[in-house]
*Asks:* 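Take a look at the following structure, please.
Note on naming: letters A, B, ... go to the chains in the order of the sequence lines (proteins, then strands), and numbering restarts at 1 for each one.
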There are 2 protein chains.
Amino acid sequence: MAHTVQNLYRAGMPRPREFDENRVLLAIRDEFWDKGYAATSMDDLLRVSGLGKGSLYGAFGDKRSLFLRVLRDYDDANLLVLRERLVSAARGIDVVREFVLGLTGDPTGAVARRGCLLANSNAELAASTPDVAAEARRSYDAIATVLTAALERARSEGALDPGIDPSETARAALVAQLGLIALGRTGMDIGALTVMAQSALARLLPTPAQ
Amino acid sequence: MAHTVQNLYRAGMPRPREFDENRVLLAIRDEFWDKGYAATSMDDLLRVSGLGKGSLYGAFGDKRSLFLRVLRDYDDANLLVLRERLVSAARGIDVVREFVLGLTGDPTGAVARRGCLLANSNAELAASTPDVAAEARRSYDAIATVLTAALERARSEGALDPGIDPSETARAALVAQLGLIALGRTGMDIGALTVMAQSALARLLPTPAQ
DNA sequence: TCCATTGTGGCCCATACGGTCCAGAACTTG
DNA sequence: CAAGTTCTGGACCGTATGGGCCACAATGGA
């Protein structure tokens, strides 16, 4: 109530943060992404964030909490981008195309080699950290939902064979993308990966929207 | 030459090993499989192997060498099983079916949750350990080759639509299996995973045998 | 101007890590 | 039985880990 707020501010205001929280979280995300969870030390995180231990622990808690925070932010951002694409895309089917071909956009293969923070983390930690597995389930389910909506829109736009089930196809697209992510992480030739992605897409959407 | 052998055996024969090398390697493989590379300590390995430090280091070298040895053995064994299936299978297409549906064979979902040692290791270590990425490329390429042979046999057995390219389809089957492995590791409902695997298979082999 | 509060960064610690080394045991050969 | 060679398990080491702690700085309200 009101007097509580009064009490909270009875004394002086705290010293404000000197660092940009978002910038720090992105730097830490990149470090976890490049090295994996276990192979990243707190020293690494202090270095890339430029903070001292007190600040980092005070702001985000221990390594595990920090990692989960970063992972959730990453998932949320990815989902947001996907949903926005569905809103802004000219055709629903383009969303699915972009989704499956995403990794092959970078001709150097660096993006493919890096893979997906969620996929990497799930493979490394799902067995020992139930929170990570749960986060992966949540995220993949949400992605399938958005892809289903995209395919339903594609159907209403006449870009999809009516015999194709949007929900089932959305899940197949997710499976394909996860497989391509796994293959891309091996560092295989990006040209070969691109061919496989296009082939997978042709199988998923037998009526190409051109 | 001959006198070298004489020299080697001039003195007494060494004390023989007290442990079963294969049993030890399997126990260590399981530990790496369950926990991942970084999260497995040498103490863990000593415990599950039942050996002392001197024995383990003497027999296999350091942790990294031991891991690579175990990973290669795992891959070789998997490839051997796949090749033997192709030889013994009634129909070539059955090999591909088994390959894609493999994870869903265990109704408890434990197999799916555990995933594949190679896929897990590649996701965790590909960026920092080129040997692991190279091993994954080698293994996936070999798998694709066997699956291609299986599909060529299926074609000659009339179980495959002639318009389907064996090599391309084999790679698509690999992509699908890797995607299913990634999803299975999230711990998602095994029933839903099974549906997705069957759906993926139906897309891969539009002329179902049986 | 002083005070209460929180940010800040580095010092410090216990521990667990991977790896080396060694003293003794086990075994075959001469 | 003696010698030579390897196996065995544990003691030991240096290091780096994740994390706690604290003295000081900075801030805005009273």
*Asks:* Side chains of D131(A) and T129(A): do they bring a donor and an acceptor to under 3.5 Å?
*Replies:* no

*Asks:* Closest to the S41(A) side chain: dT20(C), dG9(D), dG18(D)?
*Replies:* dG18(D)

*Asks:* Check the phosphate of dG9(C) against S55(A), side-chain N and O only, distance under 4.0 Å to OP1 or OP2. Yes or no?
*Replies:* yes

*Asks:* When the distance from CG of L45(B) to P of dG19(C) is rounded to whole Å, what number comes out?
*Replies:* 11 Å

*Asks:* Do T40(A) and E31(A) have side-chain N/O donor and acceptor atoms under 3.5 Å apart?
*Replies:* no

*Asks:* Of the candidate nucleotides dG18(D), dG19(C), dG9(C), which contains the atom at the shortest distance from the side chain of L51(A)?
*Replies:* dG9(C)

*Asks:* How many whole angstroms separate atom NZ of K53(A) from atom P of dC13(C)?
*Replies:* 13 Å

*Asks:* dG9(C) C1' sits how many Å from M42(A) CE, rounded?
*Replies:* 13 Å

*Asks:* Grab the CG-P distance between L66(B) and dG19(C) for me, whole Å please.
*Replies:* 10 Å

*Asks:* Tell me the interatomic distance from R64(B), atom CZ, to dG18(C), atom P, rounded to whole angstroms.
*Replies:* 15 Å

*Asks:* Out of dT17(D), dT8(D), dG18(D), which nucleotide sits closest to the side chain of D43(A)?
*Replies:* dT17(D)

*Asks:* Quiz question: by atom type and distance under 3.5 Å, do the side chains of S167(B) and D165(B) form a donor-acceptor pair?
*Replies:* no

*Asks:* Mapping G52(B) and T40(A) to their closest nucleotides on DNA chain D, which lands nearer the 5' end?
*Replies:* G52(B)

*Asks:* Closest to the D62(B) side chain: dG19(D), dG9(D), dG19(C)?
*Replies:* dG19(C)

*Asks:* Please report the distance, rounded to the nearest Å, between CZ in F60(A) and P in dG7(C).
*Replies:* 11 Å

*Asks:* Between dG18(C), dG18(D), dT8(C), which one does the side chain of K63(B) approach most closely?
*Replies:* dG18(C)

*Asks:* Do the ring planes of F67(A) and F32(A) sit parallel (below 30°), tilted (30 to 60°) or perpendicular (above 60°)?
*Replies:* perpendicular

*Asks:* Please report the distance, rounded to the nearest Å, between CZ in R47(B) and P in dA16(C).
*Replies:* 14 Å

*Asks:* Starting from P on dG10(C), measure out to CG on L46(A) and report it in whole angstrom.
*Replies:* 10 Å

*Asks:* Given L25(B), which partner from the list D73(B), D30(B), D20(B) fulfils the side chain to side chain contact (heavy atoms under 4.5 Å, CB included) test?
*Replies:* D73(B)

*Asks:* Describe the nucleic acid contact of S49(B) in one word from base, sugar-phosphate, nothing, applying a heavy-atom distance below 4.0 Å.
*Replies:* nothing

